[in-house]
Every structure is written in structure tokens, then in C-alpha cells.
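Below is one structure, written out as C-alpha cells; the observations come after it.
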Amino acid sequence: MSGVIVTGPPKAALEDIDALAGYGVATVSEAMGRTGLLGPGIRPVQQGVRVAGTAVTVLSWPGDNLMIHAAVEQCGEGDILVVTTTSPCTDGLFGELFATALQQRGVRGVVLNTGVRDTQELRDMGFAAWSRAVSSQGTVKATGGSVNVPIAIDGQVVRPGDAILADDDGVVVVPRERVRETVRKSRAREDKETATRAAFLDGQLGLDRYGLRDRLKELGVEYRTYEQYEGERP
């Protein structure tokens, strides 16, 4: 497998990335029309952490972390490393030593469509990680791959410089051209949810707030008392 290491790709502005971090993954995905989610298989190794950053992408061979070493050089302040392989792999491609090198360069976290190890050490050092699996299985450094090229994870394309937002609910990618717009839409959605939360605390039902009683009627859903229901059963 030959490959390429692309240097200096365009990136979303860090001030917009930091604004995006004010919203949860679910809110941001909804604000983009329910798109961008990498899927439920990629889970955090920690809890209570939300990070946003610009993607540095890696395409590696299964069981081989050579290109992660190459990618470290391309990482800088505010980045998130995003790694996938040419075919499914759950080996522990990433661990505490990689995290140490990346943390020193200002990288905010890692998203792995593979396995991760040294999870306790990652939590202790405060380096955020999301992965497909947790595995102690080691790797080799023998096969070429690519850095900072478009990659696909769970049907979502991640380009270098795109925004990555990750929290306890998962990971979402925001195209770099849409980050500012998505921040605005996320703020509007959160404002709407704040008003709805206040209404629910005041006792209003979702059936009434969202006008769902008519929807039930349109679908043929009827109300019956218990006695009517029992009397109609065969």
C-alpha cells in the first residue's frame, strides 16, 4: 500500500471550533439535519468530557500504526486525530505514549475506528479518546498509508480540517465550511429546547406543545377507558 502525507490542509477557524464545543453532539447533529454522526460503535473511554477540534486524518493498514507516528508531526494546537484502517481492525493501535506526544503538541483528543489500549492511563492524563474497541493487542510499523486525506467512518466522510465534536453521546463531524452556520443553528436549537424545558417544568405535555394529539387522530389512534377496552377484547 502506497500513500501520501498532505501538509498544510485548510482548517476550520479555532474560534468557531471553540464555539461549537458549547453544544452537545446530539444538538449539533440535529442542527445539521440529523447528519454527521459517526455511529454508535465509537464510544468514549472516559465520561463527562466534551472536546471539539480540527481533524487530522489517518488511513492505516490493519494492525499497523506506522502512519499514526507520521501523523503526529502534522498535528498541532486544537487538532483531533481521526484514525481508520483499510479494512476492519480492533487492534490497539493507540495508547499512552502516542497520547503523551500528541498532548505535548496541543492535540485535544483522538477518534479511532479501531482499538485503543492504556485506557486507565489516558484517563489519568486527561487525554480524551473515542474508539471502536478496547484491545491490548499490539501492532507493527511496516506498511505505508496516508495522512490528511479524506477518510470514511460509518458512511461519514471526514476531511482534514473538518470540525470534530465528541462527548458521552458519540462523535459528529461538521464540514469545515459549515462550522459557523452550524454554531448558529445549534444556538437556535438550544434556545428552543430551553423554552420547551421550561414549559415541561410548568406541566405542559409534549402532546400539546408539539401538536401531537391531531397526529394521533390522523393515525387512527383512539382513547378508550379501561372498561371499554376490556369489553371490546375478544
Side-chain angles (χ1 to χ4, degrees), residues 1-14 16-17 20 25 28-29 32 35-39 41-42 51-95 97-99 101-116 127-133 139-166 170-182:
M1 175 181 175
S2 60
V4 62
I5 298 172
V6 179
T7 63
K11 296 182 177 183
L14 271 183
D16 295 332
I17 294 289
L20 190 70
V25 164
V28 168
S29 176
M32 290 197 299
T35 62
L37 291 174
L38 298 195
I42 296 181
V51 298
T54 46
V56 172
T57 61
V58 179
L59 179 62
S60 288
W61 195 261
D64 192 315
N65 67 5
L66 172 62
M67 298 314 295
I68 298 180
H69 284 279
V72 171
E73 184 181 28
Q74 304 305 316
C75 290
E77 188 70 37
D79 285 334
I80 291 179
L81 189 68
V82 185
V83 180
T84 193
T85 49
T86 56
S87 61
C89 172
T90 58
D91 295 344
L93 267 66
F94 187 96
L97 291 178
F98 271 137
L102 290 174
Q103 196 171 59
Q104 190 274 337
R105 301 177 75 86
V107 173
R108 296 176 175 180
V110 64
V111 174
L112 301 154
N113 192 27
T114 66
V116 66
F127 189 84
W130 286 256
S131 70
R132 177 75 59 185
T139 58
V140 299
K141 301 165 181 60
T143 314
S146 294
V147 175
N148 278 336
V149 298
I151 60 175
I153 299 177
D154 290 340
Q156 298 294 331
V157 174
V158 181
R159 302 170 304 163
D162 283 347
I164 298 293
L165 177 68
V171 182
V172 64
V173 55
V174 182
R176 55 181 179 257
E177 302 90 348
R178 295 186 59 190
V179 175
R180 188 167 298 179
E181 166 202 350
T182 301

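Of all heavy-atom pairs spanning L66 and K141, the tightest one is CB-CA, 3.9 Å. Heavy atoms only, all atoms of each residue included: D91 and G63 are closest at OD2-CA, 3.4 Å. Of all heavy-atom pairs spanning T86 and P62, the tightest one is OG1-CD, 3.3 Å.
Residues that satisfy the side chain to side chain contact (heavy atoms under 4.5 Å, CB included) test with S29, not counting sequence neighbours, are L37, V172. Remark: I5 engages M67, A70, Q74, V147 in a side chain to side chain contact (heavy atoms under 4.5 Å, CB included) (not counting sequence neighbours).
Here K11 pairs with D79 in a salt bridge; the nearest charged N to carboxylate O distance falls below 4.0 Å.
Taken from OG1 in T57 to CD1 in I80, the straight-line distance is 13.0 Å, to the nearest 0.5 Å. If you take CG on D16 and CZ on R176, they are separated by 14.0 Å, rounding to the nearest 0.5 Å. Atom NE2 of residue H69 and atom CG of residue D64 lie 9.0 Å apart, to the nearest 0.5 angstrom.
Side-chain polar atoms of N65 and T139 form a donor-acceptor pair below 3.5 angstrom.
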(request) Decide side-chain contact (heavy atoms from CB on, under 4.5 Å) for L112 and R132; before the verdict, give the C-alpha distance in whole Å, the side-chain angles of both, and the deciding distance to 0.1 Å. (result) CA-CA 6 Å; L112 301 154; R132 177 75 59 185; over 6 Å; no
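In this structure, the side chains of V111 and I164 come closer than 4.5 Å at one or more pairs of heavy atoms.
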